[in-house]
Amino acid sequence: MDAVRLIGQSRHALARSRAARDILVEAWQAQALTQAIGGHLALTGPAELRGEARGLSETGGRGCGALDIPALWAEDVDGAGGQPPDARPRAAQMTQVTDARSALTGLGALLGEVGIALVGVACATDEEALYWQCIEGIDAADESSDRVRGLLRRFTVREQDRRRSAAWDSAAEPS
C-alpha cells in the first residue's frame, strides 16, 4: 500500500480517537509510519537525501519507544486483555512511497495533529505516568516533524538546482 494512503488512514483514525489510550496508539502508529517512510526513502530515495531520510527513520523508531504502547496492550481495557486489534503497525502494510513530497507533506500534517491530540490528553489527565508519556510523545512528534521539514527543504533545493541546471544546459546549447 502506498504511504500517502496509509497516512490518510492514520489521520482519519486519529480524528476518530476519543479515549486517551486510542490517541496514544495512534501517536505510536504515526511514529511507526515515520520510521517506515524514512527507511524506505533511505533505501530508494535520491542519493543526496538518503542520510537525512535515515535520520527520519531513526527518529520515528525513538518515537515508537517513547510511547509505552506495550503497557497499554497489557491493560485489560475491555476485559479481553492483550493487544487490541487497532495496535498492529499500520506501517507494516506500506509497500511503496510513490510521491515522496506528498508523503512527507502528509506525514508532517499527521505529526502536527498527533502533537495537538497528545497535548489534549496531557491537559485532561490526572495520572502522572500518562501525563509524562504524552509529553514524551509530543517531543517525539516534534522531533519527527523537524526531520520531515528538513527533508522537504532539501527536496525543494534539489528541484531548484535541477531547474537551474536545465536552464543552464538549454542556454548553453548552440542555436
Does a salt bridge link Arg62 with Glu143, judged by any charged N lying under 4.0 Å from a carboxylate O?
-> yes

Heavy-atom side-chain contact between Leu6 and Gln93 under 4.5 Å | yes

Distance, nearest 0.5 Å, that separates OG of Ser17 from NE2 of His12 | 10.0 Å

Test log, rule side chain to side chain contact (heavy atoms under 4.5 Å, CB included), inputs Leu33 and Arg90 = CA-CA 7 Å; Leu33 198 49; Arg90 209 173 276 122; 5.9 Å; no

Ion pair Arg149/Asp146, N-O distance below 4.0 Å = yes

State, to 0.1 Å, how close Ala32 and Ala91 come at their nearest heavy-atom pair, and which atoms those are.
-> O-CB, 3.5 Å

Can you sort out the partners of Asp2 under side-chain hydrogen bond (donor to acceptor under 3.5 Å, both in side chains), two or more places apart, ordered by chain and number?
-> Thr98

Residues Leu107, Ile37; criterion side chain to side chain contact (heavy atoms under 4.5 Å, CB included); working and verdict = CA-CA 9 Å; Leu107 182 60; Ile37 291 170; 4.1 Å; yes

Say whether Ser10 and Glu26, considering side chains only, have a donor N or O and an acceptor N or O under 3.5 Å apart.
-> no

List in chain and number order the residues that pass side-chain hydrogen bond (donor to acceptor under 3.5 Å, both in side chains) with Arg50, two or more places apart in sequence or in another chain; answer none if no residue qualifies.
-> none

Nearest non-hydrogen partners of Ala140 and Gly63, listed with the distance = CB-CA, 3.6 Å

Start with the C-alpha distance between Val97 and Leu104, add both sets of side-chain angles, then the distance that settles side chain to side chain contact (heavy atoms under 4.5 Å, CB included), and finish with yes or no.
-> CA-CA 10 Å; Val97 180; Leu104 290 169; over 6 Å; no

Consider only side-chain heavy atoms of I, L, V, M, F, W and Y, link residues closer than 4.5 Å, and tell whether Leu14 and Ile7 are in one cluster.
-> yes

Report the distance from atom CD of Gln133 to atom CH2 of Trp28, rounding to the nearest 0.5 Å.
-> 12.5 Å

Taking all atoms of both residues into account, what is the closest heavy-atom pair of Ala100 and Leu41, and its distance?
-> CB-CD2, 3.8 Å

How long is the span from the CZ atom in Arg158 to the CD atom in Glu48, to the nearest 0.5 Å?
-> 4.5 Å

State, yes or no, whether a side-chain contact exists between Ser57 and Thr34 at a heavy-atom distance under 4.5 Å.
-> no

Identify whether Leu130 and Ile138 are in the same connected component of the hydrophobic contact network (ILVMFWY, side-chain heavy atoms under 4.5 Å).
-> yes

With a 4.5 Å limit on heavy-atom distance, are the side chains of Met1 and Met94 in contact?
-> no

If you measure from CG on Leu49 to CZ on Arg153, what distance do you get to the nearest 0.5 Å?
-> 12.5 Å

Run the salt-bridge test on Glu52 and Arg147 with the 4.0 Å N-O cut-off and return the result as yes or no.
-> no

CG-CZ distance between Leu151 and Arg101, expressed to the nearest 0.5 angstrom | 10.5 Å

Indicate, with yes or no, if Val25 and Leu110 share a hydrophobic cluster defined by side-chain heavy-atom contacts under 4.5 Å among Ile, Leu, Val, Met, Phe, Trp and Tyr.
-> yes

Please report, to 0.1 Å, the donor-acceptor pairs under 3.5 Å made by any side chain of residues 111-125, with sequence neighbours excluded.
| residue | atom | partner | partner atom | Å |
| --- | --- | --- | --- | --- |
| Glu113 | OE1 | Arg11 | NE | 3.1 |
| Glu113 | OE2 | Arg11 | NE | 3.1 |
| Glu113 | OE2 | Arg11 | NH2 | 2.5 |
| Thr125 | OG1 | Glu127 | N | 3.0 |

Can you tell me if CD on Glu128 sees more than 12 non-hydrogen neighbours from other groups inside 6.0 Å?
-> no

Pairwise distance CD(Gln29) to SG(Cys64) - rounded to 0.5 angstrom | 8.5 Å

What heavy-atom pair brings Ser145 and Gly108 nearest, and what distance separates the two atoms?
-> OG-O, 4.4 Å

